[in-house]
Structure formats: structure tokens, C-alpha cells
A.B. asks: 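Pasting a structure below so you can have a look.
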Amino acid sequence: MKLFVFFLAWAMALLASSFASAAVVERTFKVQNKTIKRLCNERVIVTVNGTFPGPKINVREGDTVIVHLLNEGPYNITIHWHGVFQLFSAWADGPEYVTQCTISPGTKYTYKFNVTQQEGTLWWHAHASVLRATVHGAFIIHPRSGQFPFPKPFKQVPIILGDWYDANVVDVETQALASGGPPNVSNAFTINGLPGDLFNCSRTQTFKMKVKQGKTYMLRMINAALNNHLFFKIANHTFTVVALDAAYTDHYITEIIVIAPGQTIDALFTANQPLGSYYMAASPYSIGVPVIDNTTTRGIVVYDYAPPPSSSKPLMPTLPPINDTATAHKFYSNITGKVGAPHWVPVPAKVDEHMFITIGLNLDTCDPKNATNATCQGPSGQRFSSSMNNESFVIPKGRGFSMLEAFFKNVSGVYTADFPNNPPVMFDFTNPNISFNPNLLFAPKSTKSKKLKFNSTVEIVFQNTAIVGVQNHPIHIHGFSFHVLAQGFGNFNSTVDSTKFNLVNPQLRNTIAVPVGGWAVIRFQANNPGVWFVHCHVEDHVPWGLDMAFEVENGPTSSTSLPPPPVDLPKC
Ligand SMILES: *[C@@H]1O[C@H](CO)[C@@H](O)[C@H](O)[C@H]1NC(C)=O
Ligand SMILES: *[C@@H]1O[C@H](CO)[C@@H](O)[C@H](O)[C@H]1NC(C)=O
Ligand SMILES: *[C@@H]1O[C@H](CO)[C@@H](O)[C@H](O)[C@H]1NC(C)=O
Ligand SMILES: *[C@@H]1O[C@H](CO)[C@@H](O)[C@H](O)[C@H]1NC(C)=O
Ligand SMILES: *[C@@H]1O[C@H](CO)[C@@H](O)[C@H](O)[C@H]1NC(C)=O
Ligand SMILES: *[C@@H]1O[C@H](CO)[C@@H](O)[C@H](O)[C@H]1NC(C)=O
Ligand SMILES: *[C@@H]1O[C@H](CO)[C@@H](O)[C@H](O)[C@H]1NC(C)=O
Ligand SMILES: *[C@@H]1O[C@H](CO)[C@@H](O)[C@H](O)[C@H]1NC(C)=O
Ligand SMILES: *[C@@H]1O[C@H](CO)[C@@H](O)[C@H](O)[C@H]1NC(C)=O
Ligand SMILES: *[C@@H]1O[C@H](CO)[C@@H](O)[C@H](O)[C@H]1NC(C)=O
Ligand SMILES: *[C@@H]1O[C@H](CO)[C@@H](O)[C@H](O)[C@H]1NC(C)=O
Ligand SMILES: *[C@@H]1O[C@H](CO)[C@@H](O)[C@H](O)[C@H]1NC(C)=O
Ligand SMILES: [Cu+2]
């Protein structure tokens, strides 16, 4: 009898695993120009396969992904698979000049990687210039078993929040980088590429989601907007957050979702209201940015058999004011990780490397003798800059190799491995009185990485500064998810604040919105050799220098080392 039960269990396990065996998901992405009309004007944008947002990729955990990227567009490009661990496949990670040289117009590159040890919503986006504005899409990792750690929702719907520039977005950036001033802001936010009926000429450009009363839906949310955190609500409905950045969380019930650039959220909602139509809407959360797109995008949730919209106006949710830090902070800090859920990782207990990294804006000097309005449009007649630990990162373009190739081939002159563990001087980081202190304002330009031993555990305090002005910077780490141990306002004080660390069930994230005028502490294990970009996901801050990189050494065996580059890796 015992033997029979054992046999049955074995046979069933075999059956289950054959149903759930790993597949190869192979796609072709054609990067190409596309003329589309938004906000009354036709614009040429760069797309994948002519769609905005781009094609959705569905995989199951354990699958192999092969994407052939053909660049038929006008610009150099790369694609990043945002949040995918890229275990032992750093060559497929994508950030320009960090893990690869760019794919020039008329050429191609094949991204190949396995998706393991994670499930939920992630996304892909261009990681060259500002092309991610229009070159992005959902990357959805379904459970290999087909089972969620909650009842299966009736439908799963991607909600990609983005923004729209009524201009050529590459020209907007080029002009801003030349002038040293702030780039022009977007003209609209979008839900799945559509601005919604609050904008001119956009009544038919409103995202509609049909629902059946009583059913539960899973929104797979992505903030693809270049520079803005967003508040999101559906009138008269509440959400249950079940995952953040493709890691399961304890169920968190909320009327509002807050999502920083780069982040993703899986949220359930049940169509439990009277038949009718209800707006879903998003508006920005922002502090310290003087000029901002403060518009609202909206779509409509329509119940099946609802009276036609002409006879009943959809209900509109009330969104918080743009500066509602209390609401943003509550959402960002209150959710906990789901211990024991698939792919849960306990917090590593022993820390090998402690880092304290200041993050924020800076200025770059304008030669007063040469100062013109064309080149010195930043504050105080200077140029905008930004830094981590007072090192303003320069992307190593034009040095012959990407950082990853330099790492693999041991080439010098591309970057150095001396990124400091601490800022050069301690000061009252978040005191507004220091904002224009000339001793703190100007950060030197460099391309520095921090070297990590394979499998070492790193703890980082990210400390915002008030230099130029405080903001909330969403810091994204490539190649890893990290535990968020604590967050707070003001200056981090290790005596007081380390007692607040959640070492039991913290969030696992790939992008942490460091509170405005505050700090966040994260911890992760460097189990993936390669060069991994670390940067603010506010797009404007990337070329200004709010970046660094980790160089993770190879492990002791060939299976724990970075394999050689693919033969078609683009050359610089
Ligand atoms: C993109 O377009 C190409 C041909 O134009 C097609 O072969 C490919 O399947 C499309 N890819 C996706 C993801 O739709
Ligand atoms: C694509 O559009 C850009 C910007 O509008 C234009 O400069 C370029 O010539 C176009 N390229 C192609 C290949 O159509
Ligand atoms: C993906 O996994 C398979 C099977 O373990 C392995 O043979 C292959 O090298 C992996 N591919 C990449 C790109 O890591
Ligand atoms: C929907 O919410 C509004 C306020 O946001 C409230 O006034 C109204 O009573 C609610 N309607 C229903 C049917 O619950
Ligand atoms: C947006 O900001 C402008 C000025 O920057 C202001 O005139 C306008 O009222 C604001 N709109 C909203 C919806 O807050
Ligand atoms: C938000 O801005 C409004 C209008 O400028 C101001 O009255 C209010 O005090 C601000 N709230 C916070 C929390 O800063
Ligand atoms: C979440 O907020 C509640 C109410 O403010 C508080 O009691 C709880 O400790 C918070 N949990 C976390 C993990 O921050
Ligand atoms: C002066 O400004 C021009 C651009 O207007 C720039 O090319 C040049 O390098 C600057 N010279 C100095 C000494 O800063
Ligand atoms: C520079 O711009 C300011 C205002 O933005 C203007 O008053 C001034 O005349 C301009 N100077 C030059 C040399 O263009
Ligand atoms: C890395 O560390 C983890 C636990 O901290 C351990 O299970 C694993 O074996 C280590 N890997 C290697 C290659 O040493
Ligand atoms: C940290 O907090 C402790 C306890 O309040 C205080 O004594 C200490 O001066 C603080 N340290 C710093 C650097 O502010
Ligand atoms: C595009 O890539 C080519 C080849 O690496 C390089 O020469 C060129 O400068 C790049 N163009 C831009 C605008 O970055
Ligand atoms: Cu930033």
C-alpha cells in the first residue's frame, strides 16, 4: 500500500513536471519608426513592431527567452529586461556601454537568457538615450505550476502607465543636455498608450476595461513614465496588492496605488460595485521638481450590461494633491514580503560589505567666460549634474568596449573599480541650508564601480541629500532584487535606525523609491557575476550622473562564472 502511494505520487509528480517543463520563448522585435497621432498631432516615434506600448512577452518561470532584435530605426539602441535576474547571462542585460555596445541602425543582436527564481510582472525597455519613452512593454512571468499563492483571478490585465511628449523625445533630451538646464516635461500621462478624455482630441483615446460583476481581476501594473511617480485609483474600488517587482507580498488592501518609475505591482480588484462605469486615473506625485507635467490620465472600467455611458457619467476617483508625501510613503513602506511564497529569499544574516551612499543632484561648472544661454541653463547659471557619493557617473561611450567586456577581457581604461564605500565628507545631508553650499555642489565626473566578491552580502544605506534640492529618487539595481530593511526621513542614524530593520518579512524589490529628504536601507547577496548598473530610474538623472556599477567577481567554478560573450555581441 505504502509503495503504491509512493508510486502514485511519483507518477503524478512526473505528469505535473512534464506539463510544466521549460519552454523556449522565441520572439523577433523589429525596432522601427511609426507615425502615430496623440493630442491632436501626428508624431514619428520609435517602436517595437509599430506598437505603443510594445509587444507583451509571456513566459513561465524556468523558460528560456530568445529575442532577435533587428534595428530598423534611426537611433542606436539596446533593450533591458527590467528586473530579470540574468543569472550568468549579464551579456543580455542591456544598459548601453555597461553590458554591451549599442545596436546600430541596420544591425541586430539576439538576447538570450533563462528566467528563473522569480515570477510576477516585469517589463522590458530600451536602455539607450531616452528611447524607453516609447520602446517598452510588459514581461510577464507566470508560475511554472500554473498556481498563484491566491485564487486564480478571472483575467489578468497589463496596465502600463507611461507618458507622452508632443515632440521628438530624443531631441528634447539632446537639447536639454546641451543647455545644461531641465528638459521639457511630458505633455500627458498615458494608460496603455492612451492619454484619456481629459486631453484635447483624445476622447476616443481612452483605455477601456470591460469587467463582469463579481469577478476578480489582476492588474499587472508598470510605471514606464520617464520621470514621474504616479498615484493610481479606480473610483469606488479597492485593490489587494499581491506582488511588487515580481516578488509576492502579504496581501495589502488599499484604495490607492503609488508607483515609482521602474516599479511594477500586481494588484487584484473585484468588480463588486453596482453596474456602471468607473474611471481609473493616474496623476503625479512629486516634491522638489519646479516644473512638472501635472496632468491626469484616465481610462474607464465598464461593467458588462452597464447602461450606455451617455446616460450615466463614469464616477471619477479623487486623487491626492501632487505633494502628498504621507500617502506615497505609507504605500511605499507599509507592504511586507510574503515569507515562504514561491521564490521567497530570507534576509541574509551576515553582512560582508557595508556601504553608505549619498544620492542627489549637483551642478557642473559653466566657464563664466564662456557662459551662454545655450550651455548654462541650470540653476545659478551652471549646468545640472548629479552623483552618488559625490562621484558623477559618466557612461563610458567611445572607449572601445562596454564595461562588461572590459571586465571579461581585463581591459583597462574603460572604468575603475574604486567607487567609495562612503561619501568623501559627512555633512547635514538633508538640511536645506546646504543646498547651494559651494563646497558640496560640484561633483567630479568619473566611471567608477564597486568590486564585490562572488556571493558576498552587501548592505547599503541610500541617503538623499538636499544639494540643489531634495527629491525622491527611485534607485534601480540591475541583476538583483534586494530586501528593503527600513526607510525614513532626515539623516540616517545607525544607532537609532538600525533597530527598525525588518529582517523577517521585508519587501523584495529591484527599484526603491528613497523617501524625499530621507533614506532607505537595502541588503542583497551578490550571487551573479558581471557588471551591474545601479541608477536612478528618473530618466533625466541618468545622463547627469546619478549612477554607479557593481562589478561582481566570478565564483569558484565555471558554472558560477560569467560565460564568454555571444558571438553577435555588438562592437563599439
Ligand atoms: C514583429 O514583427 C515581425 C515581422 O515584421 C514578426 O515576425 C514578429 O513575430 C513580430 N513580433 C512580435 C513579438 O509580435
Ligand atoms: C525615423 O524618424 C526620424 C525622426 O522623425 C527620422 O529622422 C528618420 O529619418 C526616420 N528613419 C527611418 C528609417 O524611417
Ligand atoms: C539556460 O538553461 C539551460 C539549461 O540549464 C542551459 O543549458 C543554458 O546555457 C542556459 N542559457 C543561458 C543563456 O543562460
Ligand atoms: C462612490 O464614491 C463616491 C466618492 O468617491 C461616493 O460619493 C459615492 O457614494 C460612491 N458610490 C457608490 C455607489 O458607492
Ligand atoms: C498644473 O500646474 C500649472 C502651473 O504649473 C497650473 O496652472 C495648473 O493649475 C496645474 N494643474 C493642475 C491640474 O493642478
Ligand atoms: C502641498 O502644496 C500645497 C499648495 O502649494 C500646500 O498648501 C501644502 O501645504 C503642501 N502640502 C505638503 C504636505 O507639503
Ligand atoms: C503599516 O501601517 C500600520 C498602521 O499605520 C502600522 O501599524 C504597521 O506597523 C505598518 N507596517 C509596516 C510593515 O510598516
Ligand atoms: C565653450 O562653449 C562651447 C559651446 O558653446 C563648448 O564647445 C566649449 O568647449 C566651451 N569652452 C570652454 C573652455 O568651456
Ligand atoms: C539669456 O536669457 C535671458 C533670459 O532667459 C535674457 O534676458 C538674456 O538676454 C539672454 N542673453 C543672451 C546673451 O542671449
Ligand atoms: C552562495 O551562498 C548561499 C547561501 O548564502 C549558498 O547556499 C550557496 O551555496 C553559495 N554559492 C556558492 C557558489 O558558494
Ligand atoms: C544618533 O542618535 C543618537 C540617539 O538619539 C544620538 O545620541 C546621536 O547623536 C545621533 N547621531 C548622529 C550622528 O546624529
Ligand atoms: C552609435 O553607435 C556608433 C557605433 O558604436 C557610434 O559611432 C555612434 O557615435 C553612436 N551614435 C550616437 C548618437 O550615440
Ligand atoms: Cu533621481
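All values reported here derive from a predicted model rather than from experimental measurement. Order of listing sets the numbers, starting from 1, for every ligand and every atom in it.
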A.B. asks: Considering all protein heavy atoms, does one lie under 4.0 Å from atom 5 (O) of ligand 10?
C.D. replies: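 Flag for atom 5 (O) of ligand 10 set to true, protein heavy atom closer than 4.0 Å.
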A.B. asks: Could you list the atoms of ligand 10 found under 4.0 angstrom from a heavy atom of F454?
C.D. replies: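 That gives atoms 12 (C), 13 (C) of ligand 10.
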A.B. asks: Quick check: do L131 and N76 have side-chain heavy atoms less than 4.5 Å from each other?
C.D. replies: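 No, too far: nothing below the 4.5 Å cut-off.
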A.B. asks: Near N114, which atoms of ligand 3 are under 4.0 Å from a heavy atom of that residue?
C.D. replies: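 Here the atoms of ligand 3 in question are 1 (C), 2 (O), 3 (C), 8 (C), 10 (C), 11 (N), 12 (C), 14 (O).
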A.B. asks: List the steps and the verdict of side-chain hydrogen bond (donor to acceptor under 3.5 Å, both in side chains) for N362 and S386.
C.D. replies: CA-CA 5 Å; N362 294 88; S386 60; 5.8 Å; no
A.B. asks: Evaluate the 4.0 Å heavy atom contact test for atom 2 (O) of ligand 6: does a protein atom fall under the cut-off?
C.D. replies: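 Looking at atom 2 (O) of ligand 6, one finds that a protein heavy atom does lie closer than 4.0 Å.
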A.B. asks: I need the nearest protein heavy-atom contact for atom 9 (O) of ligand 10: residue, atom name and distance, please.
C.D. replies: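 The closest one turns out to be N455 ND2, 4.7 Å.
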A.B. asks: Contact between F139 and V115 at the side-chain level, heavy atoms closer than 4.5 Å - yes or no?
C.D. replies: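 A side-chain contact exists here, since the closest heavy-atom pair is under 4.5 Å.
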A.B. asks: Identify the protein heavy atom lying closest to atom 11 (N) of ligand 6, giving its residue, its atom name and the separation to 0.1 Å.
C.D. replies: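 For atom 11 (N) of ligand 6, the nearest protein heavy atom comes out as N323 ND2, 3.0 Å.
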A.B. asks: Side chains of H68 and E26: does their closest heavy-atom pair fall under 4.5 Å?
C.D. replies: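 Yes, their side chains come closer than 4.5 Å.
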A.B. asks: Determine whether the aromatic ring centres of residues H329 and F489 are separated by less than 6.0 angstrom.
C.D. replies: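 Yes - the distance between ring centres of F489 and H329 falls below the 6.0 Å cut-off.
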A.B. asks: Which value, rounded to the nearest 0.5 Å, describes the distance between Y109 atom OH and L69 atom CG?
C.D. replies: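 Answer for the OH-CG pair, Y109 versus L69, is 10.5 Å.
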A.B. asks: How far is atom 13 (C) of ligand 3 from the closest protein heavy atom, and which atom is that?
C.D. replies: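 So the nearest neighbour among protein heavy atoms is K112 O, 3.6 Å.
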